[in-house]
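Before any comments, here is the structure.
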Amino acid sequence: MFGGGTQWLRDRQAGPWQPPAASSLNKAALARLQAEESSRRLVRLANETLRGGLRFGALAGLFYAVQQVSSIARAEKGLQDIIVAGTATGAVFGATVLGSKGSRVRSSVLGTALGAGAGVIGGLLQETLISYLPEEEQRKYHMPPSIPVTAAQQKELEDRADEKRHPGRHPDATAAVIAQLQGSLDRNRPAASRATRPDL
């Protein structure tokens, strides 16, 4: 739609087809020329629409891929993934703008900044909407994309994600076991001392 709309505006600014000046062609020949020009405009519009659709699809696919890779690497899905994806997509979009090498570099830098800004705004808006969902649905959303894991690994990922959102809710299991063993040793220490002390 973006490419097709731009081409439509260019054709509209060019104005309607005009017959050649001081032409001796008859009406049938002029009608044929007008039909050919209309066909060329329609072909240009279709080509630009196709190119724009392919470009948009490629950028959308890049955004989704970067977002998924980022969420898998962090073992959690959230605002940072959207910002990273927006930054990368904006940089690529700016680099694809036609022009000289210097203009492409400037467009890429500008696209990076705009993509990061759009990612922040869109991510914050999305997180705000998700915060109205039930806690179970929020937990499901913040889980990374589906990857083949065992039940124990899935539980560990859920606990890690929940611990990031609610620090201190899940105590360290290792520390709890060590504390329990230490308490048991402290309780048994007086009895052991009496058993080893010689009778008076």
Side-chain angles (χ1 to χ4, degrees), residues 1-74 77-130 132-133 137 140-148:
M1 184 62 184
F2 174 75
T6 304
Q7 182 62 41
W8 180 81
L9 289 176
R10 285 198 295 263
D11 290 339
R12 186 177 178 83
Q13 291 174 357
W17 178 82
Q18 297 293 336
S23 175
S24 59
L25 299 176
N26 55 26
K27 292 184 178 180
L30 291 176
R32 185 174 66 253
L33 289 177
Q34 185 176 5
E36 290 176 355
E37 177 62 22
S38 299
S39 299
R40 283 193 292 268
R41 289 191 177 191
L42 183 60
V43 169
R44 287 196 299 267
L45 180 63
N47 288 338
E48 289 300 323
T49 301
L50 179 60
R51 291 194 186 101
L54 291 175
R55 188 180 298 114
F56 177 80
L59 292 175
L62 175 64
F63 181 91
Y64 180 77
V66 173
Q67 183 183 12
Q68 295 297 92
V69 171
S70 176
S71 62
I72 291 175
R74 297 191 316 110
K77 187 163 55 176
L79 175 63
Q80 297 91 329
D81 308 316
I82 301 176
I83 297 175
V84 171
T87 302
T89 305
V92 173
F93 177 75
T96 58
V97 175
L98 298 179
S100 62
K101 185 177 181 180
S103 64
R104 288 191 177 189
V105 172
R106 289 191 296 270
S107 298
S108 180
V109 173
L110 179 61
T112 301
L114 292 177
V120 171
I121 296 173
L124 290 175
L125 178 61
Q126 180 174 280
E127 290 293 327
T128 302
L129 294 176
I130 291 174
Y132 292 105
L133 296 175
E137 295 298 327
K140 288 181 181 179
Y141 168 78
H142 287 99
M143 288 298 297
S146 299
I147 52 177

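Since we're looking at a predicted model, the values are computed, not measured.
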### Message
So V66 and T89, do their side chains get closer than 4.5 Å, heavy atoms only?
### Response
no
### Task
Write down the atom of T87, the atom of A116, and the distance for their closest heavy-atom approach.
OG1-CB, 3.3 Å
### Summary
CD (Q67) and OG (S71) are apart, to the nearest 0.5 Å, by 6.5 Å
### Message
Can you give me the closest heavy-atom contact between D81 and S70, atom names plus distance?
### Response
OD1-OG, 2.5 Å
### Query
When rounded to the nearest 0.5 angstrom, what is the spacing between OG in S103 and CG in L110?
12.0 Å
### Task
Looking only at non-hydrogen atoms, find the nearest pair between G86 and F63 and report the distance.
N-CE1, 3.5 Å
#### Entry: From OG1 (T96) to CZ (R104), nearest 0.5 Å
8.0 Å
#### Entry: Atom of S108, atom of A91 and distance for their closest heavy-atom approach
OG-O, 3.2 Å
## Note on the structure
Of all heavy-atom pairs linking G94 and S107, the shortest is O-CB, 3.2 Å
### Query
Atom CG of L54 and atom CG of L59: how far apart are they, to the nearest 0.5 Å?
11.0 Å
### Task
Could you pull out all residues at least two apart from L133 that satisfy side chain to side chain contact (heavy atoms under 4.5 Å, CB included)?
I130, E137, Q138
### Query
Looking at R41 and R44, what are the two nearest heavy atoms and their distance?
CG-NH2, 3.1 Å
### Query
Sequence neighbours excluded, which residues qualify as side chain to side chain contact (heavy atoms under 4.5 Å, CB included) partners of L79?
I83, L124, E127
### Query
Do side-chain atoms of T112 reach the backbone of G90 as a donor and acceptor pair under 3.5 angstrom?
no
